[in-house]
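So the structure is just underneath, and the comments pick up after that.
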Amino acid sequence: MSREQQLQKLSHLCLSNAEALKHAYSFCADAGIGCFRINSQILPLKTHPQITYRVEDLPDGKKIIATFSECGKLLRKRCLRASFHPDQFVVLNSPNPQTVASSIAEIEYQNEVAEWVGADVINIHAGGGYGDKKSALARFIAAFAQLSTAAKSRLTIENDDKTYTPAELLPVCRKLKIPLVYDVHHHRCLPDSLSIKEASDAALATWNREPMFHLSSPIEGWSGKQPYRHHDYIDPDDFPEYWRRLTVDFTIEVEAKAKELAVLQLKGQLANDE
């Protein structure tokens, strides 16, 4: 395509995605779902090195931004929450400077959209261990310093199921004053010295706004060969008993392949247990 054709096609896609997001917000509000995770590709190819563009330069740029801004107004009106979870290629602690630069560009793009749509969380994993976790986390801290103030204010990190536990990330969170999104499934796959209660409490203390946790269930059960793989739905037994006793407001992002069906089923199961 010519550059003009590219921008026309991208403009159509971005506007369609902005309108779809409005519908998603409305659906969640009507269904009693309090949080929506926005797809990282809501602005397609935004940071692609050969395609990158400014929304303002698209034929429908003003309308696209206005529609996203309407999403933000709807979010506030309906008391919703929105988040981003950048793709796996976003690795701030990579030893490859180009990967770090690309990761920063991706976070900044999602932060730009987050400003419009009212999202207050851009959640990432800390990255790889690269045979030396101490040095790897030092690179994360150095890369974090390169982010804009607005992006820093939204960035959160999450314990994962292969490399970094809550106990390893909490010192980084405290140093950088960024929240820990505590993933209890990952913690069960990759445990440390902390109990679920201890990890939950420590994570809660890192937040300067409503905390967010992650919940999922293993598709093959906890005795399966790959317990880190997510199920379509949530086993209510995987919902930590301690979370039921918490008296603070917090968001639980359900990571399940059935998406809103899994959320609604879990809400019903928890309500029946009360």
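Remember, it's a predicted structure, so these values are computed and weren't measured experimentally. Index from 1, following the sequence.
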Is there side-chain contact between Tyr53 and Arg3, with heavy atoms separated by less than 4.5 Å? yes
Do Val254 and Lys259 have side chains that get closer than 4.5 Å, going by heavy atoms? no
Which of these, Asp201, Leu170, Thr165, sits in a side chain to side chain contact (heavy atoms under 4.5 Å, CB included) with Leu194? Leu170
Verdict with supporting geometry, His85 and Glu158, side chain to side chain donor-acceptor pair (under 3.5 Å): CA-CA 10 Å; His85 196 355; Glu158 169 191 354; 3.2 Å; yes
With a 3.5 Å distance limit and no angle check, can you tell me whether Asn111 reaches the backbone of Ile107 through a side-chain donor-acceptor pair? no
Check whether any side-chain heavy atom of Ile234 sits under 4.5 Å from a side-chain heavy atom of Leu266, and report yes or no. yes
Identify whether the distance between the nearest side-chain nitrogen and carboxylate oxygen of Arg54 and Glu112 falls below 4.0 Å. no
Within the structure provided, determine whether Ser102 and Thr47 are in side-chain contact (heavy-atom separation under 4.5 Å). no
Counting C-beta onward and ignoring hydrogens, is there a side-chain heavy-atom pair between Phe144 and Ile178 closer than 4.5 Å? yes
Donor-acceptor pair, distance only, cut-off 3.5 Å: does the side chain of Tyr109 make one with the backbone of Ser40? yes
Does Ile157 reach the side chain of Phe140, with side-chain heavy atoms less than 4.5 Å apart? yes
Which of His214, Arg81, Arg209 passes side-chain hydrogen bond (donor to acceptor under 3.5 Å, both in side chains) with Thr251? It is Arg81
What I'd like to find out is whether the side chain of Cys173 reaches to under 4.5 Å of the side chain of Thr156, using heavy atoms alone. no
Show the nearest heavy-atom pair for residues Gly127 and Tyr164, with the distance to one decimal. O-CE1, 3.3 Å
